[in-house]
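So the structure is just underneath, and the comments pick up after that.
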Amino acid sequence: MLEIATIRSQFGLAVQGLSKRGIKEAEALLNQVLALDKSRRETQIELDSTLAEANNKAREIGRLIQTGAKDQAESAKQETAGLKAKARSLQQKLVDLVDQQQQALYNIPNIPNSDVPNGSTANDNLVVAEWGEKPALHAQAKPHWDLIKQYDIIDFELGNKVSGAGFPFYKGKGAKLVRALANYCLDQADAAGYLEIQPPVIVNQESGTATGQLPDKEGQMYAISDSEQYLIPTAEVPITNIYRDVLLHTKDLPIKNVGFTPCFRREAGSWGSDVRGLNRLHQFDKVEIVQVNHPEHSYQALKEMVEHVAGLLQQLKLPYRIVNLCGGDLGFTAAQTFDFEVYSAGQDKWLEVSSVSNFETYQANRLKLRCRGEDKKNFLLHTLNGSALAIPRVLAAILENNQLETGIKIPDVLVQYAGFDTISL
RNA sequence: AGAGGGUUGGCGGAGUGGUCGAACGCGGCGGUCUUGAAAACCGUUGUACCGCGAGGUACCGGGGGUUCGAAUCCCUCACCCUCUGCCA
């Protein structure tokens with residue numbers, strides 16, 4: 001969430017930033033927050049002075065009682081009734097105003113950084129790098145949803161029967177490939193200095209709010225009935241929330257964590273005819289890298305994370321392009337995001353397999369994740385995360401790009417993890 | 001799951017209704033002393049919000065209540081410890 005101090009001191013920049021996201025009423029929205037902030041402060045001043053008066057009265061009564069002046073004490077008690085009522089109503093007013101301000105801020109997205117391209121849709125995203133050659137496939141090449149049936153390695157019908165659409169079963173070499181990809185990604189992250197974490201996959205409301213999924217994306221998460229908990233849509237949520245209400249020291253930085261979890265997404269409204277097979281699932285596995293860094297180093301960290309993901313895809317020999325998301329396509333909480341899209345030859349499509357973002361202080365402000373500086377002043381840290389990688393789409397691209405007439409060739413780096421080098425009949 | 005005990009500042013640990021943001025010790029920071037260091041001594045040392053400032057307000061696990069006044073009493077939730085039970 002944006003800091004109220006930032007909105008106050010850099011109003012023009014904030015308006016400009018939100019406009020970049022295509023929010024037309026940005027100025028009115030921010031003015032509304034500032035108005036709430038103003039009355040919040042006024043109410044607090046009034047409340048504080050009322051409480052100060054009541055405190056003084058109470059001390060005075062204490063003194064009177066101790067000196068034995070019972071009658072005076074009793075009459076002084078009568079005088080406090082009004083103050084008490086006043087304080088109570090001001091308190092309520094303050095709580096309401098704080099709540100309103102909070103709600104308003106929760107619904108304002110992050111300000112894109114200056115390097116984010118202008119634009120309103122995915123068409124305006126900027127391709128900043130491309131790597132690899134599109135493979136030349138044989139004449140009978142197929143999309144992965146046909147290949148998985150042919151080799152019987154992933155079963156959507158079975159998933160449909162047991163769970164629902166978008167919950168496939170991975171079988172045999174399909175299951176082993178998932179495991180191989182996860183292990184490969186985790187080992188690479190480990191080598192890059194990330195601490196491996198196995199977090200819970202169910203989180204509470206506070207966690208969902210702190211990383212920004214709530215209230216913005218409530219409809220996209222699976223909620224647990226009765227317990228106000230949610231299945232995680234990404235390991236970002238539990239892993240970043242480790243640092244909720246935490247005060248770090250500069251010597252602790254950077255923090256680098258990696259987690260491998262299933263991710264659950266309702267994907268409400270996004271089901272279409274072009275979304276087939278592994279392209280979009282309700283449950284999928286993902287290795288996620290998360291960093292907490294000093295504001296001065298976060299963009300260097302973002303660059304390193306982008307390079308890390310690029311390295312993974314290069315070793316897997318998957319052609320990819322890196323996309324700098326435009327203002328209109330940027331996620332709610334991100335200040336800047338680079339998407340990795342892998343070319344999947346069987347369906348002739350670019351599949352998003354990673355999204356690497358810097359959230360600057362947006363999440364840290366909700367998390368109350370701060371750092372104690374050398375000057376003993378506390379400041380908000382920057383959080384970052386990226387997929388490294390989202391497994392099913394990578395799997396789809398591997399199956400499609402490496403298909404031969406005789407079978408599917410497994411990328412060299414995965415062979416030692418998978419225990420086989422070919423999928424064939 | 002049941003019974004009992006507990007949760008206080010960076011740490012340890014007092015405090016059971018008033019002057020307590022909280023004794024004391026340790027640690028940290030500054031100083032005196034010393035060629036330097038240690039020891040000793042003196043001072044200082046939480047966070048957030050509001051205020052130009054003086055200063056004010058809130059916070060003793062979370063939330064609510066009683067009271068003129070709550071770290072202290074009551075309710076509730078969470079967590080920890082001990083004993084009993086159950087279970088991958």
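Everything numeric in this text was worked out from a predicted model, so none of it was measured. We name chains A, B, ... by the order of the sequence lines, and we start the count at 1 in each one.
- Nucleic acid contact class of A:I65 (heavy atoms, under 4.0 Å, all strands): base.
- Atom P of B:rG27 sits at a distance of 16 Å from the matching atom of B:rC11, rounded to the whole Å.
- Remark: the separation of the C1' atoms in B:rA3 and B:rC86 is 16 Å, to the nearest Å.
- Put simply, chain A comes within 4.0 Å of RNA chain B, heavy atom to any atom, from B:rG18 to B:rG69, going 5' to 3'.
- Of the P atoms belonging to B:rC81 and B:rG69, the separation is 38 Å, rounded to the nearest Å.
- By the neighbour-count criterion of 12 heavy atoms within 6.0 Å, atom CZ of A:R88 is sparsely surrounded, having that number or fewer from other residues, nucleotides or ligands.
- Using the six-membered ring where Trp is involved, A:F340 and A:Y320 have ring planes that are tilted, between 30° and 60° apart.
- No contact: A:A76 has no heavy atom under 4.0 Å from any strand.
- When each of A:I391, A:N183, A:I197 is tested with A:F260 by the rule side chain to side chain contact (heavy atoms under 4.5 Å, CB included), just one qualifies, namely A:I391.
- Taking OG from A:S207 and CD from A:E236, the interatomic distance works out to 11.5 Å, rounded to the nearest 0.5 Å.
- B:rA14 sits 32 Å from B:rU66 when the P atoms are compared, rounded to a whole Å.
- Helical stems in RNA chain B, defined as runs of 3 or more consecutive Watson-Crick or G-U wobble pairs with donor-acceptor distances under 3.5 Å: B:1-7 with B:78-84, B:10-12 with B:24-26, B:27-32 with B:40-45, B:46-50 with B:55-59, B:61-65 with B:73-77.
- In this structure, A:K217 fails the cation-pi test against A:F332, since its NZ or CZ atom is not both closer than 6.0 Å to the six-membered ring centre and inside 45 degrees of the ring normal.
- Spacing of P atoms, B:rC60 relative to B:rU7, comes out at 14 Å, to the nearest Å.
- Between B:rG46 and B:rG21, the distance separating the two C1' atoms is 9 Å to the nearest Å.
- Here the OG1-CD1 distance, from A:T211 to A:I232, works out to 10.0 Å after rounding to the nearest 0.5 Å.
- Counting non-hydrogen atoms under 4.0 angstrom, A:I61 reaches a base of the nucleic acid.
- Spacing of C1' atoms, B:rG6 relative to B:rU72, comes out at 16 Å, to the nearest Å.
- Listed by chain and residue number, nothing satisfies the ring pair (Phe, Tyr, Trp, His ring centres under 6.0 Å) test with A:Y222 (two or more places apart in sequence, or in another chain).
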